[in-house]
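One structure below.
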Amino acid sequence: DNIVDSILKGLDKQVSVMGVNILDLFISISFIYFLLPIKGINGYLIVLFISEFFNGFISFFILLKETDVKIDFLNWILKPCISIFLLHLIFNNIFYNVFIFSNVINLIIKIITFCILYFVFIFLLKGLVKNDLKI
């Protein structure tokens, strides 16, 4: 949401960003008023989720409308989700207890391995091709 808002501000759409943020604030306060007494901290977490989703969705919709960008659902959403799902299966079933170093070193090794394998999967699924890497 923050990135999309910044892009919109760069496109001279500050008023649209402000309008969405004011509406988001109104919705957040309303949900907090009603959910917090009933659900407690879980209600607050629900409000955060709804608020961020709403604000991000509306801002993204405005950005798409302003830039005429067409979403490539297959390459931008589906293939990365498939890659992450496969990596989730691999890490939970194969790499779960493989590393024998300290927790911090294990975490660093897993993050690096995850990133490398993610790009391998994206290349194998052709979600990212060599032309995408040209600068």
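A quick note: this is a predicted structure, and the numbers were derived from the prediction, not measured.
- Here the straight-line distance linking atom CG of Asp5 with atom CD1 of Ile58 works out to 12.0 Å at 0.5 Å rounding.
- Here the side chains of Phe60 and Ile71 are in contact, with some heavy-atom distance below 4.5 Å.
- Distance check: Ile7 CD1 to Asn2 CG gives 10.0 Å after rounding to the nearest 0.5 Å.
- Annotation: the span from Trp76 atom CH2 to Lys70 atom NZ amounts to 10.5 Å, rounded to 0.5 Å.
- Heavy atoms of other residues, nucleotides or ligands lying less than 6.0 angstrom from CZ of Phe114 number more than 12.
- In this structure a side-chain-to-backbone donor-acceptor pair under 3.5 Å is present from Lys79 to Leu125.
- In this model, no donor atom of one side chain and acceptor atom of the other lie less than 3.5 Å apart for Asn21 and Asp24.
- Under the 4.5 Å side-chain heavy-atom criterion for ILVMFWY residues, no single connected hydrophobic cluster contains both Leu8 and Met18.
- Between Lys13 atom NZ and Lys65 atom NZ the span is 8.5 Å, to the nearest 0.5 Å.
- None of Ile116, Leu86, Ile84 except one satisfies the side-chain contact (heavy atoms from CB on, under 4.5 Å) rule with Phe121; the exception is Leu86.
- A continuous path of Ile, Leu, Val, Met, Phe, Trp and Tyr side chains, each step under 4.5 Å between heavy atoms, connects Leu78 with Phe119, placing both in one hydrophobic cluster.
- Among Ile22, Ile29, Leu23, the one residue that satisfies the side-chain contact (heavy atoms from CB on, under 4.5 Å) test with Leu25 is Ile29.
- Residues Phe53 and Ile46 do not share a hydrophobic cluster, defined by chaining ILVMFWY side chains whose heavy atoms lie under 4.5 Å apart.
- Atom CZ of Phe123 has more than 12 neighbouring heavy atoms from other residues, nucleotides or ligands inside a 6.0 Å radius.
- Each of Val17, Val20, Leu64 was checked for a side-chain contact (heavy atoms from CB on, under 4.5 Å) with Ser59, and the lone residue meeting it is Val20.
- In the hydrophobic clustering of this structure, Ile41 groups with Ile50; members are Ile, Leu, Val, Met, Phe, Trp, Tyr whose side-chain heavy atoms approach within less than 4.5 Å, directly or through other members.
- Contact annotation: the side chain of Leu117 approaches that of Phe91 to within less than 4.5 Å [non-hydrogen atoms, C-beta and beyond].
- Heavy atoms from other residues, nucleotides or ligands lying under 6.0 Å from CG of Leu45 number more than 12.
- Side chain to side chain, Asn55 and Ser51 fail the donor-acceptor criterion of an N or O pair below 3.5 Å.
- With contacts defined as side-chain heavy-atom distances shorter than 4.5 Å, the pair Tyr118/Pro80 qualifies.
- In this structure, Val47 and Ile27 have side chains that are not in contact, with every pair of non-hydrogen atoms separated by 4.5 Å or more.
- The shortest non-hydrogen separation linking Pro37 to Ile32 is CD-O, 3.8 Å.
- Looking at every heavy atom in both residues, Asn75 comes nearest to Asp72 through ND2-OD2, 2.9 Å.
- Sorted by first and then second residue, the ring-ring contact (aromatic ring centres under 6.0 Å, His included) pairs with a member in residues 22-47 form an empty list; sequence neighbours excluded.
- Expressed to the nearest 0.5 Å, how far OG of Ser6 lies from CG of Leu11 amounts to 11.0 Å.
- Under the 4.5 Å side-chain heavy-atom criterion for Ile, Leu, Val, Met, Phe, Trp and Tyr, Leu124 and Ile90 are members of the same hydrophobic cluster.
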